[in-house]
Structures are given as structure tokens and as C-alpha cells.
Amino acid sequence: MDDKPNPDTLSESSERLFSFGVIADIQYADLEDGYNFQGNRRRYYRHSLLHLQEAIEDWNNESSTLCCVLQLGDVIDGYNAQYKTSEKSLELVMNTFKKLKVPVHHTWGNHEFYNFSRDYLTNSKLNTKFLEAHIVHHPETVPSENYYAYHFVPFPKFRFILLDAYDLSVLGMDQSSPKYQQCMKMLREHNPNTELNSPQGLSEPQFVQFNGGFSQEQLNWLNEVLTFSDTNQEKVVIVTLRDLPIIEVPPKRGHYCLSETKLI
């Protein structure tokens with residue numbers, strides 16, 4: 001028996017494949033090593049930039065060019081705000097990303113909102129909505145400006161959807177805004193602790209201040225994009241930061257959820 005692969009089959013199969021990079025929780029800060037909130041995991045704040053540089057070098061040297069890289073949030077650490085180095089640290093990380101030969105799609109996590117307001121992020125280099133793919137004659141798939149989300153097609157019949165996991169959150173919001181008031185009310189109803197970042201004693205530990213969720217408006221938009229993809233027989237990858245989401249996004253058949261913590 002000849003175990004060698006058929007060149008024609010191999011070639012045909014290879015044409016269907018594409019590659020993309022994923023990185024999460026860079027959490028850069030120009031600080032000495034420290035520990036996480038629970039004190040059980042070491043944080044290499046300054047060294048994280050070296051890991052990003054090594055990742056970019058590997059991606060640039062791939063024999064098959066990547067279509068893009070997904071950055072899943074928490075690009076700089078929250079400590080930057082305390083030391084007033086947020087803008088400097090972000091600029092350093094974004095300049096490092098410039099060495100990458102392919103586009104980078106950024107999602108926003110809680111550490112982005114520890115450092116910046118939502119308005120600041122909307123006007124920053126972490127807003128990659130301009131990379132969105134537009135579906136002609138389907139305006140319902142165009143996201144609202146009320147949340148940071150969009151979709152794009154890196155390869156035929158594959159659609160990536162980036163979601164705003166902090167669409168509902170007290171982080172980064174103007175405290176006078178109706179959405180902030182809505183989110184604070186939700187937190188108070190589910191979290192009686194004085195320290196709202198503490199899940200102690202909660203039956204639903206996702207209701208903490210560092211967490212976020214999806215508004216019904218964003219979920220309705222997501223449903224429209226998924227409906228379009230189902231109709232057109234596309235595979236879908238949902239991309240979002242996931243700590244303890246207030247509202248889960250259940251993947252459908254042929255759809256996958258890619259978050260900072262795991263592939264569902």
C-alpha cells in the first residue's frame with residue numbers, strides 16, 4: 001500500500017486552510033515583577049513586552065503568511081493608571097505591534113478601562129473597527145456606535161465577529177450616563193459587598209465591578225450577523241474577552257467562541 005499523500009488532494013486541501021495568530025493578557029507595565037489580586041500567580045509586567053516581541057518575530061517568520069492577529073484584551077496592566085504611565089505604556093506596546101506584517105484586531109478588556117475612558121479608547125489605536133467587512137444590502141449587520149464590535153472575513157466562508165464584553169459595565173463609563181446607572185443598579189442588586197470587586201459570598205460571582213456584559217442591542221446585532229452567516233453557510237469565530245461574563249454567548253453549530261481564557 002502506498003502511504004504517500006496524493007499531491008492533488010494535498011494541494012486542494014491546503015487551499016482551504018488559513019492561519020491567524022492569537023495573543024491575550026500582555027498586561028505590560030514598566031514595573032518590577034508582582035502578583036495577581038489573589039497573590040497566587042506571579043506577574044512579569046516588564047518582561048511581557050519581550051514575549052510580545054518574540055511572538056511577532058515568530059509570526060513574521062511563518063512559512064505560510066498569517067491573515068491577521070487577534071489581540072484579546074488587557075494589552076497594558078491596570079497599574080499604569082496608578083503611576084500615570086498609561087499613554088506611554090500603550091504607545092510602547094502599539095509601536096511593537098507595528099513590526100507585525102499583518103493586521104491586528106484588538107478587543108478591549110477590564111485593564112483597558114482601568115487606564116482609559118471608553119471615549120479615549122474609541123479614538124485610540126486600539127480601535128480597529130476600520131478593518132470591518134461591509135456586507136452590501138444588509139445594513140442590519142452594521143454595528144451601532146453604542147458598543148465596540150465588528151466583523152470581518154479573513155478567508156472565504158469564514159467570518160470573525162469581535163464583541164464588546166464591557167458594553168454593560170461601570171468601567172470606562174461616564175458616571176452621569178444612563179448606561180452607567182443601569183450597570184451600577186445591576187451590580188448593587190446582585191452584589192451586597194462593600195467592595196464591589198469581591199465575589200465573596202455571591203451565588204452569582206460574575207456580578208463584580210471588574211466584569212462586564214453584553215447589551216440587548218449588541219446581542220440583537222450579533223444575532224443578525226449569525227443569521228446572515230447561517231444563510232450563507234459560513235463558519236463563524238466569535239472573539240471576545242472573557243473573565244466572568246454576565247451574559248454568555250452560546251455558540252451555534254459551526255460557530256466558535258474565542259476568548260482570552262479558552263476556546264469553547
Side-chain angles (χ1 to χ4, degrees), residues 24 70-75 105-113 116-124 126-135 138-153 158-175 177-187 189-190 204 206-232 234-252 254-264:
L70 306 174
Q71 190 277 113
L72 302 186
D74 291 353
V75 72
H105 295 264
H106 296 286
T107 59
W108 300 346
N110 54 314
H111 283 263
E112 274 73 33
F113 292 112
F116 306 109
S117 70
R118 180 167 285 269
D119 286 343
Y120 183 98
L121 291 173
T122 299
N123 295 289
S124 75
L126 284 175
N127 185 343
T128 45
K129 237 181 180 180
F130 65 91
L131 296 171
E132 178 188 0
H134 297 278
I135 303 175
H138 287 272
E140 68 276 10
T141 65
V142 178
S144 165
E145 293 301 319
N146 294 331
Y147 49 84
Y148 173 68
Y150 64 93
H151 55 86
F152 66 99
V153 179
F158 280 83
R159 188 169 301 279
F160 282 21
I161 305 174
L162 274 71
L163 295 182
D164 184 348
Y166 283 82
D167 180 10
L168 289 183
S169 174
V170 297
L171 299 181
M173 295 282 184
D174 186 324
Q175 295 187 14
S177 69
K179 188 174 277 191
Y180 177 90
Q181 301 299 329
Q182 174 193 357
C183 294
M184 182 56 74
K185 181 175 182 291
M186 187 186 303
L187 273 178
E189 287 173 351
H190 293 84
E204 298 175 288
Q206 68 269 32
F207 287 96
V208 285
Q209 186 167 285
F210 66 82
N211 198 19
F214 308 99
S215 67
Q216 191 60 52
E217 181 186 15
Q218 186 179 179
L219 291 174
N220 290 343
W221 168 79
L222 173 61
N223 186 61
E224 294 289 354
V225 180
L226 293 179
T227 298
F228 177 90
S229 294
D230 280 343
T231 302
N232 291 277
E234 295 178 332
K235 299 290 186 183
V236 173
V237 176
I238 297 175
V239 184
T240 184
L241 183 138
R242 181 179 188 270
D243 279 330
L244 295 166
I246 290 175
I247 304 173
E248 293 278 3
V249 180
K252 298 183 180 180
H255 301 162
Y256 306 89
C257 186
L258 186 60
S259 72
E260 76 159 355
T261 50
K262 65 180 180 180
L263 183 65
I264 299 175

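Note that the coordinates shown come from a computational prediction; the quantities given were computed from them, not determined experimentally.
Within the model, atoms CG of L121 and CZ of F113 stand 5.5 Å from one another, a figure rounded to the nearest 0.5 Å. Rounded to the nearest 0.5 angstrom, Q182 CD and S177 OG are separated by 9.5 Å. Put simply, CD on E224 and CG on L219 are 12.0 Å apart, with the number rounded to the nearest 0.5 Å. Note that CG of L162 is 11.0 Å distant from NE2 of H151, once rounded to the nearest 0.5 Å. Rounding to the nearest 0.5 angstrom, the gap separating the CG atom in L241 from the NE2 atom in H106 is 14.0 Å. Here the OH-CG distance, from Y120 to L126, works out to 9.0 Å after rounding to the nearest 0.5 Å.
In terms of heavy-atom proximity, S144 sits nearest to K129 at O-NZ, 3.1 Å. The two residues Q218 and A149 have their closest heavy-atom pair at OE1-CB, 3.7 Å. Closest heavy-atom contact between Y166 and N110: OH-CB, 3.2 Å. The heavy-atom pair separating A133 from V153 by the smallest distance is CB-N, 4.0 Å.
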| Evaluation steps, side-chain contact (heavy atoms from CB on, under 4.5 Å), between W221 and L163 | CA-CA 10 Å; W221 168 79; L163 295 182; 3.8 Å; yes
| request: Might you work through the side-chain contact (heavy atoms from CB on, under 4.5 Å) test for D174 and D119, ending with a clear yes or no? | output: CA-CA 9 Å; D174 186 324; D119 286 343; over 6 Å; no
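Under the 3.5 Å distance criterion, the side-chain polar atoms of E112 are matched with a main-chain donor or acceptor of V75. In this structure, the side chain of T240 does not engage the main chain of D164 through any donor-acceptor pair within 3.5 Å. In this structure a side-chain-to-backbone donor-acceptor pair under 3.5 Å is missing from S229 to E234.
When each of V237, V225, I238 is tested with R159 by the rule side-chain contact (heavy atoms from CB on, under 4.5 Å), just one qualifies, namely V225.
Taking a 6.0 Å sphere around CD of E189, one finds it holds more than 12 heavy atoms contributed by other residues, nucleotides or ligands.
Using cut-offs of 30° and 60° on the angle between ring planes, the pair W108 and Y148 is parallel. Using bins of under 30°, 30° to 60° and over 60° for the plane-to-plane angle, the ring pair F228/H138 lands in the perpendicular bin.
Defined by atom type and a distance below 3.5 Å, a donor-acceptor pair is present between the side-chain atoms of N220 and Q216.
For K179 and D167, the salt-bridge test passes: some basic side-chain N is under 4.0 Å from an acidic carboxylate O.
Between F160 and H105, the ring centre distance reaches or exceeds 6.0 Å.
The shortest distance between side-chain heavy atoms of T128 and Y150 falls below 4.5 Å. Under the 4.5 Å side-chain criterion, counting only non-hydrogen atoms from C-beta, C183 is not in contact with M173.
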